[in-house]
Amino acid sequence: MRHLSWLAIFLGFLVETPIQAEIPVIIIDPGHGGHAVAGSLKERTNSSPNNATTPGGILEKDLTLEFSRILREVILEEARKSGPQVGVLLTREDDRNLNFAERAAIAHRSDTACIVSIHFNAGGGGKAMGSLALIGARARNPNYEIDHAFGKRLAEACSRGVQQYLPASKSRGVITDGHLHGGLGSNFFFQLARHRQLRKVPQVFSRDRVHR
Ligand SMILES: [Zn+2]
């Protein structure tokens, strides 16, 4: 149920995406997947290979895919009822692990309106809880201001949805990938930046942090 609550609030944000001449497409990237390690340690910027689990054994890759599928249906249903025309494209539809270059290539479309990669994290010694947006660091992100505003509203909306089930949940705001991997950043943002026409497209990692 926690996931469903996210979706309702998330929609409130998404339907505000400006109407464009062509139907905008929201790219949703369900993090992880499959059993293979996608890319070398360097290519995935030293991040853990795959398939993190909750303490109860639920795989992050399954949560991200299930969440993304539900999110797509809710967005499309909401758009049918009252919103602008919108498309939704998932970077993966099944249990496979694409590398960051492959995920970025799927997002490379002239009608891409925004890119959101979904992850679930745990941490904080059992105390941290809430929603966090991760964006590309200012020094290498020409779209920093827009990404920051997008991520801030996204984290706030997600945490509001979770609060009715977990009152301690709150927005953890926005951090940049400059905090990751000793300042190396996330290779996903580097791969997206290789596609020139995506440089002005809002792009975030959205992470839900649940206590252990
Ligand atoms: Zn993850």
Side-chain angles (χ1 to χ4, degrees), residues 1-17 26-32 45 47-48 51-75 77-78 83 88 113-138 141 143-183 185-186 188-189 201-212:
M1 284 306 294
R2 189 162 67 238
H3 308 143
L4 292 175
S5 68
W6 265 43
L7 304 185
I9 298 301
F10 191 23
L11 269 180
F13 175 79
L14 288 172
V15 295
E16 293 178 23
T17 301
I26 297 166
I27 305 293
I28 299 174
D29 174 47
H32 310 285
T45 346
S47 58
S48 56
N51 300 343
T53 64
T54 68
I58 299 173
L59 293 168
E60 182 187 12
K61 65 171 186 172
D62 293 337
L63 274 180
T64 61
L65 184 56
E66 180 182 354
F67 181 92
S68 298
R69 285 173 171 159
I70 295 171
L71 180 58
R72 172 174 55 192
E73 293 310 309
V74 175
I75 290 170
E77 177 61 23
E78 190 71 16
V88 179
C114 63
I115 303 164
V116 179
S117 184
I118 306 291
H119 290 257
F120 293 86
N121 285 11
K127 293 190 173 62
M129 187 180 295
S131 303
L132 177 70
L134 178 75
I135 65 171
R138 185 193 291 269
N141 181 1
N143 207 33
Y144 177 85
E145 299 296 341
I146 290 173
D147 285 356
H148 193 282
F150 180 68
K152 181 171 184 287
R153 294 174 68 191
L154 187 58
E156 290 170 353
C158 288
S159 62
R160 278 199 303 274
V162 171
Q163 279 167 0
Q164 59 185 304
Y165 303 104
L166 296 168
S169 179
K170 60 183 178 183
S171 172
R172 301 276 163 179
V174 182
I175 64 169
T176 75
D177 71 341
H179 294 269
L180 297 181
H181 313 126
S186 166
F188 192 22
F189 290 122
V201 173
Q203 43 196 253
V204 303
F205 277 50
S206 179
R207 295 166 179 247
D208 188 30
R209 181 169 285 241
V210 293
H211 77 152
R212 305 173 72 90

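Looking only at side-chain heavy atoms (C-beta outward), Phe67 and Pro30 stay at 4.5 Å or farther from each other. In this structure, the side chains of Arg138 and His148 stay at 4.5 Å or more apart for every pair of heavy atoms. Counting heavy atoms from C-beta on, the side chains of His32 and Leu59 never come closer than 4.5 Å. With contacts defined as side-chain heavy-atom distances shorter than 4.5 Å, the pair Phe150/Val116 qualifies. A 4.5 Å side-chain heavy-atom check between Glu60 and His119 finds at least one atom pair inside the cut-off.
In this structure, Val174 and Gly151 approach most closely via the heavy-atom pair CG2-C, 3.6 Å. The two atoms that bring Ile28 and Arg72 nearest to each other are CD1-N, 4.5 Å, heavy atoms only. Here the closest heavy-atom approach between residue Asp177 and residue Ala137 is recorded as OD1-N, 2.9 Å. Residue Gly130 comes nearest to Ser169 through the heavy atom pair CA-OG, 3.4 Å, listed as atom of the first residue, atom of the second, then distance. The nearest pair of heavy atoms linking Ser131 to Cys158 is OG-CB, 3.3 Å. Taking each heavy atom of Ile75 and Val88 in turn, the nearest pair found is CG2-CG2, 3.7 Å.
From Ser186, atom OG reaches atom CG of Leu134 across 7.0 Å, with rounding to the nearest 0.5 Å. Separation of atoms CD (Glu73) and CD1 (Ile70) is listed at 9.5 Å; rounding is to 0.5 Å.
The side-chain hydrogen bond (donor to acceptor under 3.5 Å, both in side chains) check on Thr64 picks up Arg92, with sequence neighbours excluded.
Glu156 and Lys152 are joined by a salt bridge, as a carboxylate oxygen and a charged side-chain nitrogen come within less than 4.0 angstrom of each other.
Ser117 and Asp29 form a side-chain donor-acceptor contact under 3.5 Å, judged by distance and modelled atom types alone.
The main-chain N or O of Ile135 is never found under 3.5 Å from a side-chain atom of Asp147 such that the two would form a donor-acceptor pair. The backbone N or O of Ser171 sits less than 3.5 Å from a side-chain atom of Ser159, completing a donor-acceptor pair.
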